[in-house]
Amino acid sequence: MAGHILLVDDDDQLRSSFDNLLSAEGYRVRAAASGEAALALLDEELPDAVIMDVRMPGMDGLGALRLMRERDPRLPVIIMTAYSTTESAIEATKLGAFDYILKPFDIPAVLELLKKALEAGRMMRGKVLLHGAPEHDQGETEALVGVSAAMHELYKGIGRVAPTDALVLLRGESGTGKELVARALYQHSQRSTHPFTIVNCVAIPDTLLESELFGYERGAFTGADRRRIGKIEQAGGGTVFLDEIGDIPLSVQAKLLRLLQEKQIERLGGRETISVDVRIIAATNRNLEAAVSSGRFREDLYYRLNVVSLHLPPLRERKEDIPHLARHFMVRFAREMGGTVPPLGADALARLERHYWPGNVRELHNLLQNILIFNQGGTVSGADVERAFNVAVGGIDPGGVEYGPGGYGLAASGAFRSESGAAAFTPEQAAAGEALVRYVRARLCQPGPDKLFDALMDSMGEVIVREALALCSGNRSHTARMLGLSRPTLLARIDKYGL
């Protein structure tokens, strides 16, 4: 089942149509014709989400919403309203409704909103455990797992800052678990009974991000036929997690700075100053210091964000946690698939520990899921891990790639050849070239930033500039000549990469 939905509306025909629509989508639906009946059903069984009309005989939707919020403040409630009662819908949002929809409905938009509401409910209700004793792991759905010194420092940081109302900046590579840490901070905070809203700043086009965050007034732009409040207002009293904050445009950074400094916002196209009470948790995988130096990120916003900063270590820097993470994921997947947990052979574990893990914990999660799907019940071997790696990178085995502090190497035979088929490089250069190709292919097949090309080019550019500087003993003029760059261009690259 996709989820349990409580539908509340006094219109028999609409209720029946909505019931049929949601049932066809795989939802389990219970319906009520009034606020009183809805509360009675709520007492019998708590749904995953509620869709409720505002205008009903007896107790209206706003009254029912207040009582629902008292019984379970984490229950996502979507309010339905006619166009003429938009103000009531906005009032409902201020009371804690997840969002509102206008009659007549755009069915795809309603279904998409319902999916978001269910996901928000899962995020708010699902516990994120801090695993200090992984030997007792029961494969909980969500957990931060690790016994390394770096992870224990992270656990201590979460424990210290979560009960406060301080802004927190989470820093770490993609796939290290920043969203889990944000949820742990929320669940251990004084705002844990209020909304938790996630905004992925790179998933929303720059032209829409401002209105998504701060809302807009009617007539603010073409198509703005009504007032709409944004995610910040919707999360009143709660927590907003701004993921990938290093990628937001400068125009939005100015408004965000005002929010952080004054706890005030203005809707797009509006003149009213609105006071808001939200806690901000932000995250980035970007080098903010380099972004400030290059003018892509406001310096005042950087200092405002960087009050409490928690670092999430990449998996390659805490390889002692790999056995515990592997056990955790295998227990979880086995439970979901209804099977047993296969042992992890020593050769399989050794192979996992040799990998560089550019996708971090997310990459390990996906790899182990693949392994368990094809496991026939026996011990997971090194060959099983190799096969899963081959699948992950489209038939190119990254298993021979060895990474270390000095760079990349490849224990492989054969030459890295030119288009004519002739050997273009020495064996050592060929090995390095093959390693580079495999690294790029692995990154292309892993979840990553929307601007993946730019990220890959930056990672290559950083290596090139760093090595050229080393060869030139740090002399920037010589380095610029070696690379065929102007000195200002080289200096800009050095600032960008934080070298």
Side-chain angles (χ1 to χ4, degrees), residues 1-5 22-23 25-29 45-49 74 76 111 114-147 151 174-184 186-187 196 198 315 321-345 348-349 351-352 355 357 359-393 445-447:
M1 284 290 181
H4 171 202
I5 310 300
L22 296 179
S23 298
E25 292 291 322
Y27 296 108
R28 181 165 67 91
V29 183
E45 181 183 5
L46 192 67
D48 296 314
R74 295 179 179 179
L111 294 176
L114 181 57
K115 288 180 182 178
K116 291 180 180 179
L118 290 167
E119 177 66 11
R122 186 186 72 81
M123 291 290 184
M124 288 188 284
R125 292 173 174 175
K127 293 292 185 182
V128 177
L129 303 181
L130 307 182
H131 275 205
E135 64 272 14
H136 302 306
D137 189 4
Q138 299 299 311
E140 289 84 359
T141 301
E142 307 285 358
L144 287 164
V145 178
V147 297
M151 289 303 291
S174 178
T176 50
K178 295 187 287 293
E179 183 182 296
L180 278 182
V181 173
R183 288 173 54 197
Y186 158 72
Q187 290 172 2
F196 177 68
I198 298 175
L315 187 54
D321 291 334
I322 288 178
H324 305 304
L325 284 162
R327 167 71 183 179
H328 170 74
F329 289 137
M330 291 170 69
V331 169
R332 172 181 165 185
F333 296 143
R335 188 182 65 221
E336 292 174 354
M337 299 174 190
T340 58
V341 183
L344 188 66
L349 183 58
R351 179 63 192 86
L352 293 175
H355 189 59
W357 299 111
N360 291 295
V361 178
R362 185 188 296 128
E363 182 184 0
L364 177 62
H365 169 281
N366 295 342
L367 184 87
L368 290 169
Q369 187 175 38
N370 179 284
I371 288 173
L372 259 69
I373 288 173
F374 291 96
N375 182 266
Q376 300 297 316
T379 299
V380 176
S381 67
D384 294 327
V385 177
E386 295 289 358
R387 181 205 57 77
F389 272 132
N390 288 341
V391 171
V393 295
C445 294
Q446 294 294 331

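We number each residue from 1, following the sequence as shown.
Residue Lys116 holds its NZ atom at 13.5 Å from CE of Met123, rounded to the nearest 0.5 Å. The CZ atom of Arg362 sits 8.0 Å away from the OG1 atom of Thr176 when rounded to the nearest 0.5 Å. Atoms NE2 and CE, from His324 and Met151 in turn, are 11.5 Å apart once rounded to the nearest 0.5 Å. Between Trp357 atom CH2 and Glu363 atom CD the span is 5.5 Å, to the nearest 0.5 Å. In this structure, CE on Met330 lies 10.5 Å from CE on Met337, to the nearest 0.5 angstrom.
In plain terms, the two heavy atoms of Pro342 and Gly378 that are nearest each other are CB-O, 3.3 Å. The nearest pair of heavy atoms linking His4 to Pro47 is ND1-CA, 3.4 Å. When all heavy atoms are compared, the tightest approach of Leu344 to Ala326 is CD2-CB, 3.9 Å. Counting all heavy atoms, side chain and backbone alike, Ala49 lies closest to Leu114 at CB-CD1, 4.2 Å. Taking every heavy atom of both residues into account, Val29 and Ser23 meet most closely at CG2-OG, 4.0 Å.
Looking at heavy atoms from C-beta onward, Val380 lies out of side-chain contact with Leu368 at the 4.5 angstrom threshold. Taking the side chain as every heavy atom from C-beta outward, Glu25 and Lys115 never approach each other to under 4.5 Å. For the pair His355/Ile322, no side-chain contact is recorded, criterion being any heavy-atom separation below 4.5 Å from C-beta on. Looking only at side-chain heavy atoms (C-beta outward), Phe329 and Ile371 stay at 4.5 Å or farther from each other. Between Arg351 and Phe389 the shortest side-chain heavy-atom distance falls below 4.5 Å. Between Met124 and Tyr186, the closest side-chain pair of non-hydrogen atoms falls below 4.5 Å. Contact of the Val341 side chain with the Leu372 side chain is not registered, since no non-hydrogen atoms from C-beta on lie closer than 4.5 Å. When side chains are defined from C-beta on, Leu349 counts as touching Pro323, because their heavy atoms get closer than 4.5 Å.
Judged by distance alone, with hydrogens and angles left aside, the side-chain atoms of Asn360 form a donor-acceptor pair with the main-chain N or O of Ser174 at under 3.5 Å. Within the 3.5 Å criterion, the main-chain N or O of Ile373 finds no donor-acceptor partner in the side chain of Asn370. For the pair Asp384 (side chain) and Ser381 (backbone), a donor-acceptor distance under 3.5 Å is present.
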